[in-house]
Amino acid sequence: EVQLVESGGGLVQPGRSLKLSCAASGFTFSNYYMAWVRQAPKKGLEWVATISTSGSRTYYPDSVKGRFTISRDNAKSSLYLQMNSLKSEDTATYYCARHAGSPGYNDYWGQGVMVTVSS
Amino acid sequence: DIQMTQSPSFLSASVGDRVTLSCKASQNINKYLAWYQQKLGEAPKLLIYNANSLQTGIPSRFSGSGSGTDFTLTISSLQPEDVATYFCLQHNSWNTFGAGTKLELK
């Protein structure tokens, strides 16, 4: 059974940093692109970052480019999201998701972790 | 950037009804459209990918159609457990989600 479990969320002040983690199990992690997707309170979904199987290629929308960094450790079956210079508009539930197909869509999602950016 | 527009925003229907949700892309996305179901407090669940391919384990009352810019998700006979918000996602050029359709029971 595919499982994705996020951790590392919490309350952080504007301008500070936070790192999210996602522990994957139930599939061969190194064979899949992975992604982060977020959802602001009572809002829709927004793609945040995608990483290739080896980690050599990463992709971001303009809203987070230069502030967020996605990375992975295939030996640990873990995905990460380093978030710097956080803004109030980054407040959201962050989901780790497995990428499938080509071009890719997200087929399995974690339960999400809440990040609140507030002073 | 590709924009995705879902309609209606809210839909109220009765058990057993045939329900149709719409998703329109601002430009051609070929067949690369997915549908998700999100129940309150839960993560999204993949229903359909590549416009009309049913994800493993999803009931056959769910079906998808369309190509290019216009897509539809159909629930052939609405069940109480289908109450949820439904999102579309274009996966032709990176990923863009629609704003969602909230489906309620009448």
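Protein chains get the first letters and strands the later ones, always in sequence-line order, with residue 1 at the start of each. Note: hydrogens, waters and symmetry copies are ignored here, and every other heavy atom, side chains too, is used.
One hydrophobic cluster, built from ILVMFWY side chains closer than 4.5 Å, cannot hold both B/M4 and B/F97; they sit in different ones. Under the 4.5 Å side-chain contact rule for hydrophobic residues, B/F62 and B/L103 share a cluster. In the hydrophobic clustering of this structure, A/F68 groups with A/I51; members are Ile, Leu, Val, Met, Phe, Trp, Tyr whose side-chain heavy atoms approach within less than 4.5 Å, directly or through other members. No chain of hydrophobic side-chain contacts below 4.5 Å, direct or via other Ile, Leu, Val, Met, Phe, Trp or Tyr residues, connects B/I48 to B/L46.
Within the structure, the salt bridge (charged side-chain N to carboxylate O under 4.0 Å, His left out) test picks out the following pairs touching residues 53-62 of chain B (sequence neighbours left out): B/R61-B/E81, B/R61-B/D82.
With chain A as the partner, the residue from B/A34, B/G41, B/P44, B/A43 showing the most heavy-atom pairs under 4.5 Å is B/P44. Chain B forms the most heavy-atom pairs under 4.5 Å with one residue out of A/G44, A/G112, A/G110, A/G104, and that residue is A/G104.
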Note each donor-acceptor pair with a separation under 3.5 Å, taking one atom from chain B and one from chain A.
unit_1	atom_1	unit_2	atom_2	d
B/Y36	OH	A/N106	N	3.1
B/Y36	OH	A/N106	O	2.6
B/Q38	OE1	A/Q39	NE2	3.0
B/Q38	NE2	A/Q39	OE1	3.0
B/Q38	NE2	A/Y95	OH	3.3
B/H91	ND1	A/P103	O	2.9
B/N95	ND2	A/G104	O	3.2

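Residues passing the side chain to side chain contact (heavy atoms under 4.5 Å, CB included) test with B/V15, sequence neighbours excluded: B/P80, B/L105.
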Please tabulate, one pair per line, all N/O donor-acceptor pairs under 3.5 Å involving side-chain atoms of residues 68-78 of chain B, not counting sequence neighbours.
unit_1	atom_1	unit_2	atom_2	d
B/D70	OD1	B/K24	NZ	3.3

